[in-house]
Amino acid sequence: MAKQMKLDPHVEQLLQQYRELRPTLQQLADEATNMLRQALREQGVYVTAIEHRVKTEKSLTGKLELKGVKYKSIDDITDLVGLRVITFYTDEVDKVAVIAQRIFDIDWQESVDKRKLHSLDSFGYNSLHYICRLRKGGPRFELQMRTALQHVWSTIEHDTGYKGDVKIPNEYKRQFSRLAGMLELVDEEFSRLRTVLTDYRRQTLALVKSGQLDDVPLSHETFRSYLDLQPFDRLNHRIAAVNQAELFPVGMMPYLRVLESFGMETLGDVQHFIDENSDDAYQLALSQLAITDLDILSSNTALQYLCLVYVLKHDGGRTGLKSFYDMINGESEANGIVADLMLEQAKTLPFMQLKR
């Protein structure tokens, strides 16, 4: 059995201090993590992970065997507790940093922004490192902030032994550097693309609110914003008045693909579709509801009748009507029966007569 190497008395003293401090360190790790997680949630910053650890005695012993002389007491070691926040985007690293500054005291002399190193193989180590302390006092701890791609790259470097003791041939170093450069570019481009898309969404929503609908492409997001303007309310209330019916809200997003199947490309097309077909949609609804006592209607009633009128006006016939019902209700042979009934009821209406 190998004899355990005797440690330097100073190292032994530091380790004993660590053992006495360990319960406090574990409590610190939990408290700091909870504080940071809550602050991020309150600010609406969503990250991929928040990790924490307390340095093990084995890891600390190895560190002290190499660098113990530089530490006068256990309080001089700043990474006994480590927190790591992994973000989706590079700009979110700075957001996390600002939040950390608000809830922790930062030791600026010990903190380092490794993103500014700019060495060829530094991508996986481009973390922002803060040395922090709770406002109420206690031991210091390290907070690392990095992106998911930086974290993955750092893990890959560690797994492949790139930063190990064995000297890596230059050809492999070049490959690592090239890959690191590509990932760094991807990291930056994801953040840039998100900024561009965010600006585009803002501009689009502004156009929707201003009524410049012809300039707004029809999409899932723009249609949802358009629905906030309640464009079908007037026709809905007109139809509901037939039986003094009550309207209850239902989702109208399933109708998006129906409108797209009609060839509509902008919100302006949807508005024109409403303007051109509202009277005929009302007549179609009237022909059906006037002979019933229905007193509850769904909020998609107007849109449904508008779509039915559009299909009938554009010679969709039974096939077009069944296709519409299939898209809204799911494919079923029963939709063909409903289509036949609708076609029969609609054939006497004025807009159908004008087609002949």
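Residues take their numbers from the sequence shown, with the count starting at 1. From a predicted model like this one, the values you see are computed outputs, not experimental measurements.
Judged purely by atom type and a 3.5 angstrom limit, Q38 has no side-chain atom pairing as donor or acceptor with the backbone of M35. Side-chain atoms of E110 never come within 3.5 Å of backbone atoms of D107 as a donor-acceptor pair (strictly under, hydrogens ignored). Between the side chain of T33 and the backbone N or O of H52, no donor-acceptor pair lies under 3.5 Å. The backbone N or O of K55 lies less than 3.5 Å from no partner atom in the side chain of S59, so there is not a single donor-acceptor pair.
For residues 219-271, the ring pair (Phe, Tyr, Trp, His ring centres under 6.0 Å) pairs, not counting sequence neighbours, are F262-Y310.
The line from CG of N300 to CG of N236 is 8.0 Å long, rounded to the nearest 0.5 Å. Separation of atoms OH (Y325) and SG (C307) is listed at 10.5 Å; rounding is to 0.5 Å.
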Worked check of salt bridge (Lys or Arg N to Asp or Glu O under 4.0 Å) between D228 and R224: CA-CA 7 Å; D228 290 339; R224 186 180 297 279; over 6 Å; no

Pair S225-T222, side chain to side chain donor-acceptor pair (under 3.5 Å): steps then yes or no: CA-CA 5 Å; S225 299; T222 60; over 6 Å; no

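Ion pairing between a basic and an acidic side chain is recognised when a charged N comes within 4.0 Å of a carboxylate O; E42 and R37 show no such pairing. E92 has no carboxylate O lying under 4.0 Å from a charged side-chain N of R146, or vice versa, which leaves the two without a salt bridge. By the 4.0 Å N-to-carboxylate-O rule, D340 lies too far from K322 to be salt-bridged with it.
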Show every donor-acceptor pair shorter than 3.5 Å between a side-chain atom in residues 71-84 and any protein atom, with sequence neighbours excluded, or say none if there are none.
{"from": "S73", "atom 1": "OG", "to": "D75", "atom 2": "N", "distance (Å)": "3.3"}
{"from": "D76", "atom 1": "OD2", "to": "K72", "atom 2": "N", "distance (Å)": "2.9"}
{"from": "D76", "atom 1": "OD2", "to": "S73", "atom 2": "N", "distance (Å)": "3.2"}
{"from": "D79", "atom 1": "OD1", "to": "K63", "atom 2": "NZ", "distance (Å)": "2.9"}
{"from": "D79", "atom 1": "OD2", "to": "K63", "atom 2": "NZ", "distance (Å)": "3.1"}
{"from": "R84", "atom 1": "NE", "to": "Q144", "atom 2": "OE1", "distance (Å)": "3.2"}
{"from": "R84", "atom 1": "NH1", "to": "E51", "atom 2": "OE1", "distance (Å)": "3.2"}
{"from": "R84", "atom 1": "NH2", "to": "Q144", "atom 2": "OE1", "distance (Å)": "3.3"}

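Q101 and Y130 are linked by a side-chain donor-acceptor pair at a separation below 3.5 angstrom, with hydrogens and angles left out of the test.
With a 6.0 Å cutoff to the six-membered ring centre and a 45° limit on the axis angle, R133 does not count as a cation-pi contact of F141.
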